[in-house]
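Data block below; observations after.
If you're wondering where the values come from, they're calculated on a predicted model, not measured in any experiment. For reference, positions follow the sequence shown, starting with 1.
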Amino acid sequence: MAEEKKSGSKGAMTVSEAGRKGGVRVRETRGRKFYEEIGKKGGETVKAERGRKFYEEIGKKGGDTVKAERGPRFYEEIGKKGGETIKAERGTPFYEEIGRKGGHKVRELIEKGKAGAEEEGGAGHGEGGER
């Protein structure tokens with residue numbers, strides 16, 4: 001296989017070792033930001049070629065796999081950890097703000113839904129829209 005070392009060759013390394021060594025070298029010379037940039041470009045290319053739905057599908061597959069391996073409790077634990085981290089970084093006012101924004105959005109959607117229902121219900125039922 002390609003992973004085997006050549007016998008008798010001084011300093012020979014596997015493909016895996018060479019790749020790791022190259023990756024470390026690139027990280028040292030170009031930095032972490034380089035990997036972030038090329039990763040973002042690659043992701044945008046895949047999104048353009050395959051569409052957003054592709055990411056939704058692979059995300060669901062990955063989530064289902066993790067759920068099968070670790071159980072639903074795992075998500076509860078990491079969600080709690082994440083929430084505690086955000087609270088420590090941003091404080092309680094952050095949650096108050098996003099809660100208020102969410103409440104406003106829900107109120108807007110409810111009002112929009114009611115207005116749409118009134119328009120549908122009032123049309124074509126004689127003058128004044130009465131039934």
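With sequence neighbours excluded, the residues satisfying side chain to side chain donor-acceptor pair (under 3.5 Å) with Arg107 are His104. Judged as a side chain to side chain donor-acceptor pair (under 3.5 Å), and not counting sequence neighbours, Glu111 has no contacts. For the side chain to side chain contact (heavy atoms under 4.5 Å, CB included) test, residues two or more places apart in sequence or in another chain that qualify with Val106 are Ile110. Residues that satisfy the salt bridge (Lys or Arg N to Asp or Glu O under 4.0 Å) test with Arg25, not counting sequence neighbours, are absent from this structure. The salt bridge (Lys or Arg N to Asp or Glu O under 4.0 Å) search around Glu108 returns none, not counting sequence neighbours. Shown here are the salt bridge (Lys or Arg N to Asp or Glu O under 4.0 Å) partners of Lys114, two or more places apart in sequence or in another chain: there are none.
Judged by distance alone, with hydrogens and angles left aside, the side-chain atoms of Tyr95 form no donor-acceptor pair with the main-chain N or O of Ile86 at under 3.5 Å. Judged by distance alone, the side chain of Tyr35 and the main-chain N or O of Arg30 form no donor-acceptor pair under 3.5 Å.
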*With salt bridge (Lys or Arg N to Asp or Glu O under 4.0 Å) as the test, would you mind laying out the steps for Glu17 and Lys21 before giving the verdict?*
CA-CA 6 Å; Glu17 290 169 333; Lys21 186 176 179 182; over 6 Å; no
_CA sep, side-chain torsions, deciding dist, call: Phe74, Lys67, side chain to side chain contact (heavy atoms under 4.5 Å, CB included)_ = CA-CA 8 Å; Phe74 170 74; Lys67 186 177 176 183; over 6 Å; no
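Counting heavy atoms from C-beta on, the side chains of Phe34 and Thr29 never come closer than 4.5 Å.
Residue pairs meeting the side chain to side chain donor-acceptor pair (under 3.5 Å) criterion with at least one member in residues 38-54, sequence neighbours excluded, do not occur. Within the structure, salt bridge (Lys or Arg N to Asp or Glu O under 4.0 Å) pairs that include any residue of residues 83-102 comprise Glu97-Lys101 (at least two apart or interchain). Sorted by first and then second residue, the salt bridge (Lys or Arg N to Asp or Glu O under 4.0 Å) pairs with a member in residues 68-79 read Arg73-Glu76; sequence neighbours excluded.
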